[in-house]
There are 2 protein chains.
Amino acid sequence: MTPTDRSHPAPRRVRMEEVARVAGVSPATVSRALKSPETVSERLRARVQEAAARLGYAPNRIAGSLAGARTPLVGVIVPSLTNSFFAATLDRMTTILEAEGYQLLIGQHAYDAAREERIATAFCSWNPSALVITGRDHTRGTVGLLSAAPCPVVEMWDHDDRPLDTGIGFSNREAGRLAGRYFAEQGFDKVAYVGAILGQDARARARSQGFAEQVRHLAGQDPLIADAKSRELGEGAAALRQILQRQPDTRAIAFSGDMLAVGAMFEAARMGLRIPQDLAILGYGDLDIAAHTNPPLSTIRPPHDEIGAAVARHILHRLAVPEAQSENVDLGVRLIRRLSA
Amino acid sequence: MTPTDRSHPAPRRVRMEEVARVAGVSPATVSRALKSPETVSERLRARVQEAAARLGYAPNRIAGSLAGARTPLVGVIVPSLTNSFFAATLDRMTTILEAEGYQLLIGQHAYDAAREERIATAFCSWNPSALVITGRDHTRGTVGLLSAAPCPVVEMWDHDDRPLDTGIGFSNREAGRLAGRYFAEQGFDKVAYVGAILGQDARARARSQGFAEQVRHLAGQDPLIADAKSRELGEGAAALRQILQRQPDTRAIAFSGDMLAVGAMFEAARMGLRIPQDLAILGYGDLDIAAHTNPPLSTIRPPHDEIGAAVARHILHRLAVPEAQSENVDLGVRLIRRLSA
DNA sequence: TCAAGTTTTGAAAGCGCTTTCATATGCGCC
DNA sequence: GGCGCATATGAAAGCGCTTTCAAAACTTGA
């Protein structure tokens, strides 16, 4: 059975025609009274609205969309729903867009490019008002699809030169550089970086590259880099042990995720290391937990919810003002300085 | 401008009729060749599929849905996207449903019942294949809407006697009871509970009630209950101080959230209390962090992702087997015993 | 070979709205 | 009071597909 099968037949709902009959007007008037009340006389508008309310009329958006050539749907594709960064972005987006009558169609691809393309294809066939996709790295097919899409397309989270249409994000490389620069400013000589260097997460890789680049540039040496297989606490603890073994006099470590950093802080406490006196620790993400560790974790904060808000507002603007242009905005990252570094 | 406005005119896409012309068949045959290939002769099917591929034809789902009377859309309403429990549920649901060609329409109401009703109304007007809503507590309007919905309706996360249609969840009260029972079994006499007793979160309240009920029943005394205004680390630390002040010989504390518990563990470490020797701590949620604290946190695990999987499978079953019945399933909670209690 | 199936195919009727276009209605003014 | 204009309303034509129904094309068995 396919999704559009008819086997669960719908008891017929109230249709516009019925409202029209009850209100004693034509369906056209009902449509106008409901969608653009200002074009209908006071008297009829009241009659129609009352009839609609009395019958419990809910317009069929499918029909409306077919006739209207565009749906109040915004398709959003993220790698994962459980990643709290994307969740924060989606949270802001839904809140803003829902208030304007749009609905979010959400798909997740788990970093699988083929799945991303399938979802993008499926979303396009809904004639959405806008399409939002995470990142700048897509299959040829996805790129073709998005380039040809008859609606605004936003690539979010990553910033670089030439988005397909609009780009709203920040530079992960710059986030890494910021950490490197901060360590240099603090005069830390022996530093290290912990992150998923080998995985398929290009964002994490960009951060570690930015860090290494800046350390090399400012301190004239290569930082020690340790790979983390996951972003969980235990992995941070393991990375700390590994780093101290390979470079016992390490003075500061930047982590590619707050959880890794917190794990390392737990481990450091176990080892009797004082933070930040013996070892400075810098996180990335600014999760809720960061403000509440002991000592509170200094961290680099990506603009997760700002991205959601900016994307939503850009879309609303593009849809409201037909001549509005695409944009390419870098929302930047901030270093939240607490006590751990 | 309204969402269905026409001001951003779509460059006309390839339509079924065009595929039909190129393949030299009728539109009806194209429709069949694409949606139910087994009803079309080998020869024509190949011709149609080739023509469709060559033209890059993507069916217009809006039109298909209008004609087919049902959309491959599943509407899901959750209180919050950033809550990792619901995120885990949604994650499983999308993964399973996307694989079968369904798309998720996701709405969040931030615990605002009126907003919930608005979203439910909006979702109904899409003629979804199924509707999923979090919890059992809705406005009259929402209840009416869901009862009349011409599709399967699942109320998830909470379990009780009479769901409107299908219910898939667990009992928060039972989760609280489980904690109380565990403490009694361990022979802890002076116990306490920390949770959002006063907030609008009925689930948290049910857990604290279950806990109190069981302690009263098994230990013959009322536990000390402390309110937590948020679910963050700092609040757990504050609650711990408050409890030890009011009841210095407290032997075990159950928390309504892992983060609160972790915060309390940090604070206990600062105060020089040993866990679990001096004080046993039990969390709720089984977040990733729980397995990695020091000592690892014992906690009660709600079936977050199991709910997602069960809901998705129930929906697929209901849609595939027209005579399938609604269900009411309690997925239960588990006590994950680690070292903190 | 022909009648009686059986399977494939196509024509056409919607699905429930929106929107255009034409008609009706009301208004101000000479 | 009648003319022209602006505004309010209705009729009707789709939007692009699915599905029913009937006709056409094949089978099969006698």
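Since we're looking at a predicted model, the values are computed, not measured. The chains referred to below are lettered A, B, ... by the order of the sequence lines, with proteins before strands, and numbering in each begins at 1.
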Side chain to side chain donor-acceptor pair (under 3.5 Å) filter on A:Glu17, not counting sequence neighbours, yields none
Does the side chain of B:His314 pick up a donor-acceptor pair with the side chain of B:Arg318 at under 3.5 Å?
yes
Return each pair, listed once, that meets ring pair (Phe, Tyr, Trp, His ring centres under 6.0 Å) where at least one residue sits in residues 145-167 of chain B; pairs must be two or more places apart or across chains.
B:Phe85-B:Trp157, B:Phe86-B:Trp157, B:Trp157-B:Phe170
Residues at least two apart in sequence or cross-chain that pass side chain to side chain donor-acceptor pair (under 3.5 Å) with A:Ser125, listed by chain then number, are B:Arg61
A:Asn83: side chain to side chain donor-acceptor pair (under 3.5 Å) partners, not counting sequence neighbours
none
The salt bridge (charged side-chain N to carboxylate O under 4.0 Å, His left out) partners of A:Arg136 (sequence neighbours excluded) come to A:Glu155, A:Asp160
Is there any protein nitrogen or oxygen under 3.5 Å from a nitrogen or oxygen in nucleotides 23-27 of chain D, and what are the pairs?
none

Taking side-chain contact (heavy atoms from CB on, under 4.5 Å) as the test, write out the residues that go with A:Asn60, two or more places apart.
A:Arg13, A:Ile62, A:Ala63, B:Asn127
Contact list (N/O, under 3.5 angstrom) for nucleotides 9-13 of chain C vs protein:
unit_1: C:dT9; atom_1: OP1; unit_2: B:Ser41; atom_2: OG; d: 2.7
unit_1: C:dT9; atom_1: OP2; unit_2: B:Ser41; atom_2: N; d: 2.9
unit_1: C:dT9; atom_1: OP2; unit_2: B:Ser41; atom_2: OG; d: 3.4
unit_1: C:dG10; atom_1: OP2; unit_2: B:Ser26; atom_2: N; d: 3.1
unit_1: C:dG10; atom_1: OP2; unit_2: B:Ser26; atom_2: OG; d: 3.3
unit_1: C:dG10; atom_1: OP2; unit_2: B:Thr29; atom_2: OG1; d: 2.5
unit_1: C:dG10; atom_1: N7; unit_2: B:Arg32; atom_2: NH2; d: 2.7
unit_1: C:dG10; atom_1: O6; unit_2: B:Arg32; atom_2: NH1; d: 3.3

Once you round it to whole Å, what is the distance between C1' of C:dG14 and CE of A:Met16?
17 Å
Euclidean distance, atom CZ of residue A:Arg15 to atom P of C:dT18 [Å, nearest integer]:
14 Å
Quick check on D:dC17: is either OP1 or OP2 less than 4.0 Å from any side-chain nitrogen or oxygen of B:Ser31?
no
Just how far, in rounded Å, is P of D:dC17 from CG of A:Leu66?
9 Å
Would you say a side-chain N or O of B:Tyr57 is under 4.0 Å from OP1 or OP2 of D:dC17?
yes
To the nearest 10°, let me know how far the axis at one end of the helix from C:dT1-D:dA30 to C:dC30-D:dG1 is tilted from the axis at the other, five pairs an end.
40°
Please report the distance, rounded to the nearest Å, between CD in B:Glu38 and P in C:dT7.
13 Å
Rounded to whole Å, how long is the line connecting atom CD of B:Glu42 with atom P of C:dT8?
11 Å
Filter on side-chain hydrogen bond (donor to acceptor under 3.5 Å, both in side chains), then keep only pairs touching residues 18-27 of chain A, sequence neighbours left out; what's left?
A:Ser26-A:Thr29
In whole Å, I'd like the distance from the CG atom of B:Leu34 to the P atom of D:dG16.
17 Å
When rounded to whole Å, the CG to C1' distance for the pair B:Asn127 and D:dC17 reads 15 Å
Just grab all the ring pair (Phe, Tyr, Trp, His ring centres under 6.0 Å) pairs involving residues 119-140 of chain B, residues at least two apart or on different chains.
none
Mind jotting down which residue pairs meet the ring pair (Phe, Tyr, Trp, His ring centres under 6.0 Å) criterion with at least one end in residues 55-83 of chain B? Sequence neighbours excluded, please.
none
note: B:Glu18, atom CD; D:dG16, atom P; distance rounded to Å ~ 11 Å
Is it true that B:Glu98 and A:Arg115 have a side-chain N and a carboxylate O under 4.0 angstrom from each other?
yes
